[in-house]
Amino acid sequence: MNNKQQTAVAASALAVGAALIARRLRSGRAIRFHNRSVVITGGSRGLGLLIARELGREGARLTLAARDRAELERARQDLASRSIEASIITCDVGDRGQAERLVDEVVTQRGTIDVLINNAGIIQVGPLEHMKLRDFQDAMATHFWGPLHTILAAVPAMRRNGGGRIVNISSIGGKIGVPHLAPYCASKFALTGLSDSVRGELAKDNILVTTVCPGMMRTGSPFNGWFKGRHRDEFTWFAISDSLPLATIDGTRAARQIIDACRYGDAELVITWPAKLAVIANAVLPEAVALGMSIANQLLPRPTNESGDQARSGWQSLSDWAPSKLTTLTDRAAAQNNELPH
Ligand code: NDP
C-alpha cells in the first residue's frame, strides 16, 4: 500500500469510527414519552394535532395550546376518539403573560413540563408591496416572541426536574428567504437563531433543544393561511405547491420524524429532500439560489391596487384551481387534521 492509499484507509476508518460513536451517543440520549408531560403550542390542528396523536399513542400526558377554544375542543375530542386524553389551554403565545400562565397551569396540573414543542405558526403570503409593519410584528410575535416566552417560562421547571426537551418548529423559510413570504421567513430565521443559540447554553442543564426546519408538509393549513395582493392567485399557487406529491411530505410522516428527533435529542432536523437540497445549495451556491428566487418572484402574482393590502384567509380566497383536482392531497389533509371551518 502506498502513502495515499494508507491515508485513505486511515481517513475511512476515522469516519466509520466517528459515525459509530455518534450513533452510540444518540441512542444513549433516547427517552420514552410514556407518562411525560408534553406541551404542544398550536396543537389544535395541522402538524400540532398530528404530533399529539403520535405522542398520545406513546402514552404522553398532553397539553394542547392555541387561541381558538372551539377548535381546541374539537382537537381534544379527536384525540379522545382515539383513546388519548389531552388537556387544552387557550393561549396566545405572543402575549408573555398568557405564555407564562400556560406553563404555570401545566406545572400545577402535571407537576412539570418534560417536553415543550413550540409549533404555533401563522402563514402570510403576498408581495412585499402589500406587507405592512403589522404583518412583520404578527409574524415575530408568533414565531419568535412566542417560543421565547414559553422557553423562558418552562426552563426553570425543566431545570428543577433535572432536564427536558424543547422542539422549535421553524421552517425551510427559516434557512432560506423565499419571495412572497417575507414576514414569515424573517420571523422563522429569528426562531432558527434563537433555537440554535439556546441549544448550546441549555445542554449543561440536560435540556436538549431540537431545531426543526420542514419543507412543505401536507397538514392542510393553506386554508387557514392569510393572503395579500391578488389573494386568489396567491392562494392558488400556494395550495397547489402544498399538494405536489414529490415536493411535499405527508403530515403524519413529518410528525413521526419530528418525534424521533426529539426522542434522540437531535440538534437539527430538516424535513423533505427538496428542503435538504435547498439548504446545501444556499450554502454552496448562494448566488445561484438568489437568481433562482428572483426568477421565481417574476413568476408569482404581481402586486395589485390598495385592495391587496387587506389580508384574506385561504377560505376567503378559493379559486377555480384551488380547491380542485390539483389540490386533492391538501384538501384531504385539511379534512383529516381539523383544518375545516365549523
Ligand atoms: P396550522 O395553521 O394548521 O396550525 C397552526 C397552529 O398554531 C394552530 O393550532 C393555531 O391555532 C396555532 N397558533 C397560531 N398562532 C398562535 C398564537 N399566537 N398562539 C397560540 N397558537 C397559535 O399550521 P401547520 O400545522 O401547517 O404548521 C405548524 C407549524 O409548522 C407552524 O409553525 C408552521 O410555520 C410550520 N411549518 C409548516 C409547514 C407546512 O408546509 N405546513 C412548512 C414549514 C413549517 P389558533 O389560530 O387557534 O391560535
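None of these values were measured; they are calculated from a predicted model. Residues: numbered from 1 along the sequence shown. Atoms within each ligand, like the ligands themselves, are counted from 1 in listed order.
- No side-chain donor-acceptor contact under 3.5 Å links Asp92 and Gln98.
- For ligand 1, the atoms sitting less than 4.0 Å from at least one non-hydrogen atom of Asp92 are 17 (C), 18 (N), 19 (N), numbered in the order shown with element in parentheses.
- In the hydrophobic clustering, Leu25 connects to Ile21, either directly or through intervening members, whenever side-chain heavy atoms lie under 4.5 Å apart.
- Looking from atom 34 (O) of ligand 1 to the surrounding protein, the closest heavy atom is Tyr184 OH, 2.8 Å.
- Of all the heavy atoms of Thr219, the ones lying under 4.0 Å from any atom of ligand 1 belong exclusively to the side chain.
- Per-residue contacts place Ser171 under 4.0 angstrom from the following atoms of ligand 1 (heavy atoms of the residue considered): 43 (C), 44 (C).
- Where the criterion is an N or O separation shorter than 3.5 Å, residue side chain and backbone included, Val93 meets it with respect to ligand 1.
- Using a 3.5 Å distance cut-off with no hydrogens or angles, the side chains of Ser37 and Asp114 do not pair a donor with an acceptor.
- Residue contact annotation: Gly146 has no non-hydrogen atom under 4.0 Å from ligand 1.
- Counting only non-hydrogen atoms, the option in Gly215, Ser44, Ser241, Ala120 that gets closest to atom 8 (C) of ligand 1 is Ser44.
- Nearest protein neighbour of atom 46 (O) of ligand 1, counting heavy atoms only, is Arg67 NH2, 2.9 Å.
- With atom 14 (C) of ligand 1 as the reference point, the heavy atom nearest to it among Gly121, Gly42, Ala139, Gly94 is part of Gly121.
- Annotation: atom 23 (O) of ligand 1 to nearest protein heavy atom, Ser221 CB, 3.5 Å.
- Scanning Ile172, Ile169, Asn119 for the heavy atom closest to atom 31 (C) of ligand 1 points to Asn119.
- A salt bridge is absent between Arg32 and Glu58: the closest approach of a Lys/Arg side-chain nitrogen to an acidic carboxylate oxygen does not fall below 4.0 angstrom.
- Of the possible polar contacts, none joining the Thr248 side chain to the Arg218 backbone as a donor-acceptor pair under 3.5 Å is found.
- Distances from ligand 1 to the non-hydrogen atoms of Lys188 include at least one value under 4.0 Å.
- We find that Asp104 and Arg101 are not joined by a salt bridge, their nearest charged nitrogen and carboxylate oxygen being 4.0 Å or further apart.
- Heavy-atom contacts of Leu47 reach the following atoms of ligand 1: 25 (O), 28 (C), 30 (O) (cutoff under 4.0 Å).
- Residue Gly46 approaches ligand 1 through these ligand atoms, each under 4.0 Å from one of its heavy atoms: 3 (O), 25 (O).
- Between the side chain of Asp242 and the main chain of Thr330, no donor-acceptor pair closer than 3.5 Å is present.
- Sorted by first and then second residue, the pairs that involve residues 93-151 and meet ring-ring contact (aromatic ring centres under 6.0 Å, His included), not counting sequence neighbours, are His143-Tyr184.
- Ligand 1 has no nitrogen or oxygen under 3.5 angstrom from a nitrogen or oxygen of Asn224.
- Counted by atom type alone, Glu234 and Ser317 present zero donor-acceptor pairs between their side chains at under 3.5 Å.
- Distance from atom 43 (C) of ligand 1 to its nearest protein heavy atom, with residue and atom name: Pro214 O, 3.3 Å.
- Aromatic ring orientation, Phe235 versus Phe223: tilted (interplanar angle from 30° to 60°).
- Using 4.0 Å as the threshold, Ser170 has a heavy atom nearer than that to some atom of ligand 1.
- The heavy atom nearest to atom 37 (C) of ligand 1, out of those in Glu339, Met217, Met216, is found in Met217.
- Checked for salt-bridge contact, Asp260 and Arg263 meet the test: a charged N lies under 4.0 Å from a carboxylate O.
- Contacts with ligand 1 closer than 4.0 Å are made by backbone heavy atoms (N, CA, C, O) of Cys91 only, the side chain lying farther away.
- Shown in contact with Asp68 at under 4.0 Å from a heavy atom are these atoms of ligand 1, numbered in order with element: 47 (O).
- Remark: of the listed residues Asn118, Val212, Thr192, Thr192 is the sole one forming a side-chain contact (heavy atoms from CB on, under 4.5 Å) with Ser170.
- Salt bridge status for Arg232 with Asp320: absent, with no side-chain N to carboxylate O gap under 4.0 Å.
- Closest protein heavy atom to atom 2 (O) of ligand 1: Arg45 NH2, 3.0 Å.
- Using a non-hydrogen distance threshold of 4.0 Å, Gly225 does not register as a contact of ligand 1.
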